[in-house]
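Written out below as structure tokens is the structure these notes cover.
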Amino acid sequence: MDRGPRIRVGVQKSGRLTENSLDLLHRCGLVYSRAPDQLICYGENMPLDILLVRDDDIPGLVSEGSCQLGIAGLNVVEEQRLERQQGGEEANVEVLLELGVGQCRLALAAPEGVPYEGVHSLQGRRVATSYPYLLGNFLRENQVQAEIVVMSGAIEIAPKLGKADFICDLVSTGSTLAANHLRETQTILESQSVLLRRNLPLEPESEAWIQRLVRRMDGVLQVRESKYIMLHAPRSALKAITDLLPGSEAPTVMPLEGRPDKVAVHAVCPEAVFWETLEALQNAGATSLLVLPVEKMLA
Ligand code: ATP
Ligand code: ZN
């Protein structure tokens, strides 16, 4: 193992983003050991270590340079960017990749029976949230004055407690809102988990490793849904069959020994392949259909 500079990547210690983040790093080839209660996992085959922290600490650690990379929700990243900006500080973080997991939205919700006819319904009312900067920004942009009630958790019970008239909270399925007799009215921010870096240059070796990791992550994200399809097609139906292959650009077409009327078609499909698609291919004349998962891909 080389003794050059090491890269520290901040990952949520325990929560919704932990498993996905660690799995992604593992798929990028990182081998590390993780002992219980250990806060740093040392990479064994790359100069990359994982720092396990609260998700809210990740943008700050990256901005200050304690971590060179981090994985966090865009909601936390944007909230802290606004907070730093308004405090006159520079937020030295840059989003390198959207990771397509941890999807949720920061949304406004109203108690059942309370009318909401658009942002102006918030005028002069109280809104509970743990995202005062994102909410404040949204209210300002819409020229609405409302009182922001900052809470650190259990936002959804604020109306019942008489602490607020509306709430602004993270929603994914909406079941928590429904259970608390709230209805979602408007989205303020669409969020997902992202890879962050400090936007100041590092040593060339570190920069090269970061580039390499980003390329690998990109590859992992591309193949997540991808499938490799193999089938036999009558030459006469080749056009119809390749048109049915989901999202595939240029399939490989090969002759079949002793069958001048048929060809073999192989294609990488960058999206999920459903039974309906296979049935449509079969109806168009395809036989010997085989769908395989794709493990790695480099463009
Ligand atoms: P920590 O102890 O690390 O501060 P936490 O309670 O803030 O944990 P989690 O509930 O694990 O964090 O959420 C982490 C991130 O997961 C959120 O910031 C958000 O980006 C994402 N997320 C996805 N769906 C949801 C959801 N339904 N509710 C809350 N967060 C969600
Ligand atoms: Zn948190």
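Just follow the structure's listing: the first ligand is 1, and inside any ligand the first atom is 1. Heads up: numbering here begins at 1 and tracks the sequence.
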_Enclosure of L298 CG (heavy-atom neighbours >12, cutoff 6.0 Å)_ = no

*Nearest-neighbour protein heavy atom for atom 24 (N) of ligand 1, which is reported as residue plus atom name and distance*: C104 CB, 3.5 Å

*Under 3.5 Å, is there a donor-acceptor pair linking the side chains of Y116 and Q186?*
yes

_Is atom 6 (O) of ligand 1 touching the protein, meaning some protein heavy atom lies under 4.0 Å away?_
no

_R84/E79 ion pair, N-O < 4.0 Å_ = no

*In terms of residue, atom name and distance, what is the protein heavy atom nearest to atom 2 (O) of ligand 1?*
R54 NE, 3.5 Å

*What do you reckon, is CD of E295 surrounded by more than 12 foreign heavy atoms closer than 6.0 Å?*
no

*Check whether more than 12 heavy atoms from other residues, nucleotides or ligands sit under 6.0 Å from atom NZ of K160, and answer yes or no.*
yes

*Which residue holds the protein heavy atom closest to atom 10 (O) of ligand 1, what is that atom called, and what is the gap in Å?*
R16 NE, 3.1 Å

*How far is atom 20 (O) of ligand 1 from its nearest protein heavy atom, and which residue and atom is that?*
N75 OD1, 2.7 Å

_What I'd like to find out is whether the side chain of Y32 reaches to under 4.5 Å of the side chain of L48, using heavy atoms alone._
no

*Among protein heavy atoms, which lies nearest atom 27 (N) of ligand 1, and at what distance?*
S172 OG, 2.7 Å

*What residue and heavy atom of the protein are closest to atom 14 (C) of ligand 1, and at what distance?*
D55 OD2, 3.3 Å

_Cationic N near anionic O, under 4.0 Å, R8 to D49_ = no

*Please write down residue, atom name and distance for the protein heavy atom closest to atom 8 (O) of ligand 1.*
Q12 NE2, 3.0 Å

_Quick check on contacts: which atoms of ligand 1 are under 4.0 angstrom from a heavy atom of G73?_
20 (O)

*Show which atoms of ligand 1 fall inside a sub-4.0 Å distance from at least one heavy-atom site of G15.*
11 (O)

*Nearest 10° is fine: what angle sits at the Zn ion (ligand 2) between OD1 from D56 and OD1 from D55?*
70°

*asked:* Here's a test for you: under side-chain contact (heavy atoms from CB on, under 4.5 Å), which of T129, L122, L189 qualifies with C168?
replied: T129

_On a heavy-atom basis, I'd like to know which of L17, N20, V53, V76 is closest to atom 16 (O) of ligand 1._
L17

*Part of D56 within contact of ligand 1 (heavy atoms, under 4.0 Å)*: side chain

_Could you check whether atom CG of D37 has more than 12 heavy atoms from other residues, nucleotides or ligands sitting under 6.0 Å from it?_
no

